Amino acid sequence: MSDMNQAMVEKYRSNFLKEVEANVEEGTWVKMCMQCGVCSGSCPLGPHWEHPPQELFMMIRAGKREEVLSSSSMWMCTSCYNCIARCPRGLPITHIMHGLASYAKRLGLAPQNQPTSKFGDIFWDSIAKNGRVNELKIGVSLYFMNGFSQGIKNALAGRELGMAMMKTKRMSPTEYFGGHKCKDLSGIAKMLKKAKEFEAEHITKFGE
Amino acid sequence: MADMKIGAYICQGCGIGDRLDTAQLASVAKREGKAAEAREHAFLCNAEGVKMIQDDIAAGVTHVVIAACSRRAKTEAFSFDGVAISRANLREGVIWVRPDTPEAAETTQEMADDYVRMACAEAKYMKMPSASGEQGLVRDILVVGGGISGMTAALEAAKTGYKVELVEKTGALGGVAAQMFKKYPDKAPYNVLADNTTGAMIDAVNANSSITVHLNTTVAKTDGAPGRFAVTLATESGASKDITVGAIIQATGFTQYDMSKLPELGGGKSPDVMDQLAFEKMVKANGGAIKKSDGSDAKNVVFVQCAGQRSDAEGHLPYCSGHCCMTSIKQARYVKEAGGDATVIFDDLRTPGADGEDVYRGGQEAGVAFSKGKVSGVEAAGKGLKVNYTDKILAEDTTINADIVVLATGMVPASGPNPYIAQEIEAADKAGNAGLAEKLKAEQASAPVSILNLQYRQGTDVPHLKSGFTDSHFICFPYETRRTGIYTAGPVRRPMDAHQAIEDATGATLKAIQACENAALGRAAHPRSGDLSFPSFRKEGCTQCKRCTVECPFGAINEDEKGFPQYNEARCRRCGTCMGACPVRVISFENYSVETVGQQLKAVDMPDEFSEKPRLLVLACENDAYPALDMAGMTKQEYSAYARIIPVRCLGSVNTIWITDALNSGYDGVILMGCQKGDNYQCHFVKGSEMAHYRMSKIDDTLTQLNLEKERVQTYEVSIADIHRIPQIINDMEKLIGEIGMSPFKF
Amino acid sequence: MAKKEFYSFYPGCSSQPKASADNFLRSSNAMCDALDIKLKEIDDWNCCGASIGYAGGGEVPRLSLSARNIALSQQQNGDADIVAPCAACWIATREAQERVEHNPKVGEGINAALAEIGLKVESGKMPQARHMVEVLVEDIGLDTIAKGVTKPLEGVKIAGYVGCQTNRPFGIAGESFENPLYLDHMIEACGAQAVDKYEKKVACCSGALMFSEPEKGHALVKDIIEAAYDGGADMIVTPCQLCQMNVESYQSNINKTYGTKFNIPVVYYSQLIAVAYGKSAQEAALDGQIIRAGKLEDIANK
Amino acid sequence: MSEVIATNQTILVVGGGISGLTAALEAAECGKQVILLEKSPSVGGRVSQLHKYFPKLCIPTCGLEIQYRRLKANKNVRLMTMAEVTGITGEAGNFTVNVKVAPRYVNENCTACGECEKAVSAEFADEFNYGMKQRKGAYLVSHMAYPQRYVIDPRIVGSDDGEKAKAACKYGAVDLEMAEQNLSLNVGAVVWATGWKPYDAAKIQPYGYDRYSNVISNVEFERMLDPFGPTGGKIVRPSDGQAPKNIAFIQCAGSRDHNHLKHCSRICCMATLKQTTYVRDQLGDNCKSTVYYIDIRAIDRIDDFHRKVKEDPNVTFVKSKVANIVAGSGDNVVLKGVDTEGYNRYANEHDLVVLATGMESNVPAGVFPAGIAINEHNFIDLDSDCGIYGAGCSSDALDVNRAAQNATAAALRAIQVVNRVAGQEG
């Protein structure tokens, strides 16, 4: 159990809802759910959700902390915003799902080898490093996300697509060496560092 | 009557002139109807036609026969003061229901001739009704019950300019409302809590010079009628006081369902399991702090909705008390404000209307937890309590710990004893329904004390509709009880919260005021609002059989010491059920009597047995069956030319003599059409249709005596929407007569 | 609304030369030239974090990225509308604005981060963030666009695939979330025929999850393409770079998995307009299609 | 109508539906002078379009017949139809009300003989049947219409039809010269009872009311049961006129929803339960009903009706707000969502969908003097001394018995104002 997780367990004994309200993006909305289920029915990857949003909200109220935070469900969110558009109570469900996912990750409870979680890291690193996405590098590291041998297989499988992209000038080998990036990288790094610190420092204080 | 002068006016408009020989109708009116004047007019309802009639009235016509459209049409044009009016329905009732063919012409004309004869006959026996003057204008109103409903009624009546006698059996005003810690605001936004303002209301009542408050007082006796209720108030000390009031509002509220009937939910087992009222009192007493019975702070409170409600289980309430979800949300907010946690376990969360969703959201914003679930039990767990329930969303059996459990038990109306229980027991015994009889006997044994102590032939209190709630036509006419001039308001009428009770009491106040005003003028109350006719009887003919006093749906008729009926005009709704009940036919209204109908059916020309022209008498309730017949005409539904339709005030007013007379005078078939009876009755006089059906079930003997087929007399429950069905019923009767043959009783 | 003198352009990562939406960038330039829309690119703009940024970035860092773009745009282009052609960029920017407006705590964090590089954003004082489509629909107007068409795309039947993020949660003013019509109207404005009742018009292409959950993504795209074929479409048009990529480039994989024979071009509205306005196939970046839009090329080459 | 006399002891009741009728009659039967305004050609309002009332399953026109008879009999009430309030100024005890009266083109000579209707040919969407049916340009709103007087549709005035109608009337009742009138009334108090309209189902985009012919609203379903209605009393699918076999009822369609009406409309649950009994009565075991709900709000004494319907094996309840509706096989549609009682996904095909659309208040903007509080749900808040009182569904989302109750209370408040003016208060 990560230290932070330990700290949170102690801080919010038996009140997971309060914890979510304090620490999760848009978490204060969770209590407003009236269990109509429109979000759950609207999700394009619905069938892949172990627990759909409205059920997650109920589980949060019921204090099922481990089950919620270690669930793969939130990671199924494709950010299609159907749930937000339809929710009769106006809950920002997409953001709450993102918030729960990243909070679970922060506490080290997110499921291991969750592909979207890993992809998220790769993506973020690319941004943090270059200020802009380096599609080629992301693609390659994606292939190798699950180890070298699997990576080769993936790379071969994806070769056709890669070639097509190159051929249509929608990807360039030069990307691998440098490629698209911002000028003020140091500034961006500073900014992100500060932002991360702020969030880390306030994570236990939001909503208070 | 020497001074009687009938004027018959035959309209030729709307195709009547084209389809009928109106000259012949006029001569029928003169020759057979004994009309002094009989005039035809191309367009009777226009200014000129109306003037023609008015001129005749000025010239001495006392009884006006309008042979034109239905009595429901052109009422503005054909309303003449000071004369009796009867209408022959030649349009909706004749030409619009008959085909415009040469073959049909003869029978259609005969139909019209008969309706003119009938209208003349009716007019001949009509008198202009006038009020009895039995009571004058009394602008004092008795309000029974000093809770929020009663106080509202008192204040509203005073504000309207009426005097109020407010009776409260306890030593203080305010009732349940006064015991509330906080309330919901009276207007939007509703997602906040407001201070209880009952105290201010009590002060306003005490300060109001038009309101006399009687504490520790009950109603020992209520006699009389609207406009002259003679009430005896009894105080705890034994003193008594007689007052006279014009109308009564019963706002006796409710008692909380006894939660000790719910041991499985911990009712009566732990002092920390309480009903909503007890919780409210506790919070109020502690100024907002939530404390357990041992005085320690309660951190977790669980609210169990629908406790012993919405259930057909023995001893439970079959209804939903409506307010409990809102109340639990309010109380859960007390807990949140005191820093605790509150969970509401519900099946359906019922917070309807504009304020309801605001209240629900308000509770959620405040952090109240809501869980759709079914509680299976509440038990002690260590120092606290444990609620076992099935979480319906997470589909699992689970438990939640609580320091206090609040059971949302229901409202039991404080409506007094059911005045008809003895009759119901008798009926149940007759029907051999032992189970029901037992249940009723138990109810009778545990009946509460009377509230009004009515000195009425039919019992001491306002009749119940269902589950002890005092009501009757609760959809269209929510205030109509079955005791004229006595209106119930608040939870005694239907489960409701304080906000609705205030609305309800305000409306009931209007009805009480209306009752005072109408009584003074001798005007009937709903549904025959404004009717001045009232029943009287020929004492020398009366056999004191008491049927009228027993069968009156409104308990209007008392008996004097000799057992003769006493009518109490102002209690009477003018339905004529008494008239229908009377075996010796001594009861009548000025403009509606055994004669006005009897003479109509006798006035019909009766072709002989071999004419192949049967005659079918249709006695149709004027409230639903008759309008449906009109609409059948408007939509050109054909029905038998042999039918002769007579509208009646209520099927309950049908006296079996009419049937016997009809059969004796050669009618081949008789059809009675009334409204739906039974639990979901639609009869505007509650019991009229039911009584009629009961009486007709006995007509068979008569038929056997005359040795006629039973099928010749049929009674139907119809609705105003049976526009296709009713003509069918008539046509089926014609067909039936074709099969079983004509009546031999033709002269 | 009238066309603005110029717009502060935020192309986003995919719409860079030789990036995955290079074909959009080129056709968009041709379109803007044809419609005389002036764009001033925000210098040194950065990635918006996209819809996957939350996983690594959390809330404040992710939103700081968009805040930086807003601040830069303000610095360079004053109050000019920020125009993004990419739905992710557009809503990320708008979300950052909303959060700054409504969540003081988060706003404080964002500005603390921006302070490190001498920038700041203020509630109520930020320029409008708009989608390129909004400019076309609201500022230019589809009628005006229709008037300027020189090479109507006659005989081409197109499924207007709006997707998610261009449509939700903000969407185009006056359009419904379930059945937006502007894209169909745009198709018709260009003289082509829009597929009526395209069932998958606003269905999700799986977005970023195409990379992490390819099988699930393929399943969604399969339905989107099938519905287009059912509607008798010659090609699909979309306003979204990620949709274009996901729907066009995995057809062969899908064919392998499902034994389908998909081979339907997926183009951008900018390419339709460019061609309809007489731009060459090259200017319209039709050579940037993995699955060539033959019918468009024929018209362009006429 | 121009010679309507009103004083500051007159009570003005605006709206001739069940609430307005009740308020007007109760006040008049207390001896007060009342003017009753109705915007449409006849009174009766929304309830006159209903087949039955819950929970008694009785006929609305049954109660209306009594109200109309009370109206005919009472000289204290003056009814003005086709009249609309355009503005109110003044204060309690002394209001000036501006009224616009649209021409009916038919005068009091009308006998409702129907000749004009026979004479004309052009047809228009029938408002009484929510446009599910056509009516002539000369028409009687319904068989129960009161006043029982025809109306000429302004669209045929100046056309051949207009002249034909005029020529067909033997009684000079058709007056094509009638013009709009504007009058101003001086009254002491106002009871506002303009009722509700069904929420525009097309706005609930996920349900595709505007895209699927077999998705209808609950008020349209109600009209299907009228033997003289658009389907001759038969429950049918609009797409092919066939009897449905599998109906879905969707609750909270536009209610309890921040995208639409935030409030709960109260009546829709009971209305749906009632409508399942229509299905049972007419189609028996040949048709199933499924009710998709969030909470079933069968308030107070009538909850037993709810339990009775639950016992019907042909009626299923699913605790779920339907996410969206997509095309199914043929003209059927598929409802997608999640049954939240234990998380069960469904994609259920139905051949008819009835949206339990909510109640939208008809309280207008820009008519009332300052100080009249209209809340965010567009209902009039009670202020006991302001002289203008919302009644029925102008004050809250109410069922019929609560509307009648509330209207009676509003009538008393109005009486208190005019009594104060007359110096009769205690």
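Note that this is a predicted model, so its numbers are computed, not measured. Per chain, numbering begins at 1; letters A, B, ... match sequence-line order.
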Kindly check if the number of other-residue, nucleotide or ligand heavy atoms within 6.0 Å of [atom1] ([X]) is above 12?
{"X": "A:E10", "atom1": "CD", "result": "yes"}
{"X": "A:K18", "atom1": "NZ", "result": "no"}
{"X": "B:K374", "atom1": "NZ", "result": "no"}
{"X": "B:K466", "atom1": "NZ", "result": "no"}

Taking A:M59, A:R89, A:R61 one by one, which has the highest count of heavy-atom pairs under 4.5 Å against chain B?
A:R89
B:F370 to A:M58 - nearest heavy-atom pair and separation
O-CE, 3.5 Å
If you take all heavy atoms of B:R361 and A:M32, which pair is closest and at what distance?
O-CE, 3.8 Å
Please classify the contact of B:S371 with chain A as side chain, backbone, both or neither, using a heavy-atom distance under 4.5 Å.
both
When rounded to the nearest 0.5 angstrom, what distance separates CD1 in B:I393 from CD in A:E55?
8.5 Å
Between NZ of A:K64 and CD of B:E396, what distance do you get to the nearest 0.5 Å?
3.5 Å
